[in-house]
Student: 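The structure's right below; bear with me while I get my questions together.
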Amino acid sequence: TEPNNMTPLLNWQAPVAYFRFDGTNGLPNGTPDASNNNNIIWFYEDDVQPTFDSIDLAPTDNTIFQNGNSIVLDASQHQYLHLDSNLNVGSQPDPSSHMSMCTWIETIANNEVIAQLGRAGNDGDTEFQFLIDNDGHLHFWDYDGAYAFQNEGDEPSNHSNSVVNDGHWNHVCFVKDGVHGTYYVNGVADGAVTALSDARYSLNDFTIGGDYRDGVMFYNGKMDDFRLYSRTLTAPEIAKLAENNGAGGSSSSSSSSSSSEPTAITNCDELIAIASGDLGGNYIQTQDIDCETTEFTPIGNGDIPFTGTYN
């Protein structure tokens, strides 16, 4: 089964970027950012944005890269997602000294990039990569004039304990707290590393699914519910994101992976639906109380659009 995307129950600070991959990715206007920071990310194939058929909104070359409620990337086609402008952090600090990245992955490949920032031809001095290494472990390195979290060639122990390219759905995170880094797999801490320094990053060229600068290490498999935070998530918060392993739709705190995609945490439906929002054009924009999901509900044909606010 395909996931309906995680909705955490905790009233925590919003992410800098949140890509739900819930069926809207791949549209001609890009993949929306559910964090409300407008970090629209675009699909590329061989460094080109493909044209779209007006009927099925699939690339005209019939490449199927979107599958239900997750994204499917084909490394052989050099497919990736890329932010055309600098990462917009909104009211949040930039994700440098304190940062958390979490996503669901399903892959059997190795040596592939999950996400990276600042790795561009004109900016090679402030960057990071979160990837799956040659042995199938998670690996994070960053660079600010010199390596801070080192690559595995210099620090062989800098990786997760668990292998995550087992062909099952795994929830993976890397959390940076200054010079301290922690890997999480399926809600459980799975390795720690100490950096040589606390690197700072530029905010340009954020990419999911490949090495944007060198055109290598393309991700091959499924990915869902990608979140980037400019703070250090706590262990309970990460466990909450990963608590539903998708097996039969039942909730689980097990650290084991699952062959089926995670189903939604639906407790938010029991909360009051609308806290506040804006009316404009054809849609009402609402924000769930204690939840991060922004929903757009049609309100008619929009002949008399209303602009303003309501509570």
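What you see is a predicted model, and the numbers here were worked out from it, not measured in a lab. The figures here come from the full heavy-atom set of this structure, side chains too, leaving out hydrogens, waters and symmetry mates.
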Student: Atom CG of Asn110 and atom CG of Leu131: how far apart are they, to the nearest 0.5 Å?
Tutor: 10.5 Å
Student: Which heavy atom of Ser230 sits nearest a heavy atom of Gln92, and at what distance?
Tutor: OG-CB, 3.3 Å
Student: Look up atom OH in Tyr229 and atom SG in Cys173, then write down how far apart they are to the nearest 0.5 Å.
Tutor: 9.0 Å
Student: Answer yes or no: is there a donor N or O on one side and an acceptor on the other, between the side chain of Tyr143 and the main chain of Gly145, under 3.5 Å?
Tutor: yes
Student: Is the shortest side-chain heavy-atom distance between Leu233 and Cys102 below 4.5 Å?
Tutor: yes
Student: Is the backbone of Ala109 close enough, under 3.5 Å, to the side chain of Thr107 for a donor and an acceptor to pair up by distance?
Tutor: yes
Student: Spell out, yes or no, whether Ile40 and Tyr44 are grouped together once hydrophobic residues are joined by side-chain heavy atoms under 4.5 Å, including indirect joins.
Tutor: yes
Student: Between Asp177 (side chain only) and His180 (backbone N and O only), is there a donor and an acceptor less than 3.5 Å apart?
Tutor: no
Student: With heavy-atom distances below 4.5 Å as the criterion, would you say the side chains of Phe174 and Thr182 are in contact?
Tutor: no
Student: Could you tell me the separation between the OG atom of Ser162 and the NE2 atom of His137, rounded to the nearest 0.5 Å?
Tutor: 7.5 Å
Student: Give the minimum heavy-atom separation between Ser70 and Lys222, together with the two atoms involved.
Tutor: OG-CD, 3.9 Å
Student: Kindly compute the distance separating CZ (Arg20) from CG (Asp33), expressed to the nearest 0.5 Å.
Tutor: 11.5 Å
Student: In the structure I gave you, are the side-chain heavy atoms of Ser202 and Asp94 within less than 4.5 Å of one another anywhere?
Tutor: no
Student: What about Tyr201 and Phe128, are their ring centers closer than 6.0 Å?
Tutor: yes
Student: Nearest heavy-atom pair of Ala115 and Met101: which atoms, and what distance?
Tutor: CB-SD, 4.1 Å
Student: Please enumerate all residues that pass side chain to side chain contact (heavy atoms under 4.5 Å, CB included) together with Asn111, with sequence neighbours excluded.
Tutor: Asn134, Met217
Student: Does Gln79 form a side chain to side chain contact (heavy atoms under 4.5 Å, CB included) with Phe43? I'd like the steps, not just the answer.
Tutor: CA-CA 7 Å; Gln79 295 174 348; Phe43 173 78; 3.7 Å; yes
Student: Is it the case that the ring center of Phe130 lies less than 6.0 angstrom away from the ring center of Phe149?
Tutor: no
Student: Hey, does the side chain of Thr232 reach the backbone of Lys176 with a donor-acceptor pair shorter than 3.5 angstrom?
Tutor: yes
Student: Would you sort out whether Asp224 and Ile71 count as a side chain to side chain contact (heavy atoms under 4.5 Å, CB included), showing the intermediate values?
Tutor: CA-CA 6 Å; Asp224 191 37; Ile71 192 169; over 6 Å; no
Student: For residues Ile114 and Thr103, determine if any side-chain heavy atom of one lies less than 4.5 Å from a side-chain heavy atom of the other.
Tutor: yes
Student: Test salt bridge (Lys or Arg N to Asp or Glu O under 4.0 Å) on Asp205 and Arg213; report intermediate values, then the result.
Tutor: CA-CA 9 Å; Asp205 294 292; Arg213 187 187 71 181; over 6 Å; no
Student: Answer yes or no: is there a donor N or O on one side and an acceptor on the other, between the side chain of Asp190 and the main chain of Asn161, under 3.5 Å?
Tutor: yes
Student: Without hydrogens or angle criteria, can the side chains of Thr207 and His82 be said to hold a donor-acceptor pair below 3.5 Å?
Tutor: yes
Student: Is Ile132 close to Ile105 at the side-chain level, that is, under 4.5 Å between some pair of heavy atoms?
Tutor: yes
Student: Should Asn220 and Leu73 be marked as a side chain to side chain contact (heavy atoms under 4.5 Å, CB included) after you check the CA-CA gap, both sets of side-chain angles, and the distance that decides it?
Tutor: CA-CA 5 Å; Asn220 195 75; Leu73 295 173; over 6 Å; no
Student: Do you reckon Leu203 sits in the same ILVMFWY cluster as Leu228, going by side-chain contacts under 4.5 Å, direct or chained?
Tutor: yes
Student: Compute the centroid of each ring, for His159 and then for Tyr183, and state whether the two points are separated by less than 6.0 Å.
Tutor: no
Student: Could you go step by step and tell me if Asp198 and Arg200 meet the salt bridge (Lys or Arg N to Asp or Glu O under 4.0 Å) rule?
Tutor: CA-CA 7 Å; Asp198 186 6; Arg200 295 295 189 270; 3.0 Å; yes
Student: What's the verdict on ring-ring contact (aromatic ring centres under 6.0 Å, His included) for Tyr80 and Tyr219, showing C-alpha distance, side-chain angles and the deciding distance?
Tutor: CA-CA 8 Å; Tyr80 61 92; Tyr219 181 87; over 10 Å; no
Student: Backbone N or O of His171 within a donor-acceptor pair of the Asn186 side chain at under 3.5 Å?
Tutor: yes
Student: Under 3.5 Å, side chain of Asn39 to main-chain N/O of Val16, donor-acceptor pair present?
Tutor: yes
Student: Do Val89 and Phe226 share a hydrophobic cluster, counting only Ile, Leu, Val, Met, Phe, Trp and Tyr and linking them when any side-chain heavy atoms are less than 4.5 Å apart?
Tutor: yes
Student: Are Ile238 and Val175 side-chain neighbours, meaning at least one heavy-atom pair lies under 4.5 Å?
Tutor: yes
Student: Do Phe218 and Val113 come within less than 4.5 Å of each other through their side chains, counting heavy atoms only?
Tutor: no
Student: Identify the two heavy atoms, one from Gly90 and one from Asn37, that lie closest to each other, and give their separation to 0.1 Å.
Tutor: CA-OD1, 3.4 Å
Student: Locate the shortest heavy-atom distance separating His168 from Asp166; write the atom from each residue and the value.
Tutor: N-OD1, 3.0 Å
Student: Distance alone, cut at 3.5 Å: any donor-acceptor contact between the side chains of Asp211 and Gln129?
Tutor: yes
Student: Verify whether the ring centers belonging to Trp141 and Tyr147 lie closer than 6.0 Å.
Tutor: yes
Student: Do Tyr184 and Leu138 have side chains that get closer than 4.5 Å, going by heavy atoms?
Tutor: no
Student: Indicate yes or no for a side-chain donor-acceptor contact from Asp144 to the backbone of Asp142 under 3.5 Å, with no hydrogens or angles considered.
Tutor: no
Student: Checking side chain to side chain contact (heavy atoms under 4.5 Å, CB included) for the pair Phe19/Ile208: CA distance, chi angles, key distance, verdict?
Tutor: CA-CA 10 Å; Phe19 305 110; Ile208 293 175; 3.8 Å; yes
Student: Between Ala242 and Gly187, which heavy-atom pair has the shortest distance, and what is it?
Tutor: CB-N, 3.4 Å
Student: Rounded to the nearest 0.5 Å, how far apart are CD of Gln116 and CD of Glu127?
Tutor: 8.0 Å
Student: Under 3.5 Å, side chain of Asn170 to main-chain N/O of Val172, donor-acceptor pair present?
Tutor: no
Student: Going from OH on Tyr212 to CG on Leu117, what distance comes out if it is rounded to the nearest 0.5 angstrom?
Tutor: 13.0 Å
Student: Keeping the roles fixed (side chain from Asn158, backbone from Phe140), state whether a donor-acceptor pair exists under 3.5 Å.
Tutor: yes
Student: Does CD1 belonging to Ile108 count more than 12 external heavy atoms closer than 6.0 Å?
Tutor: no
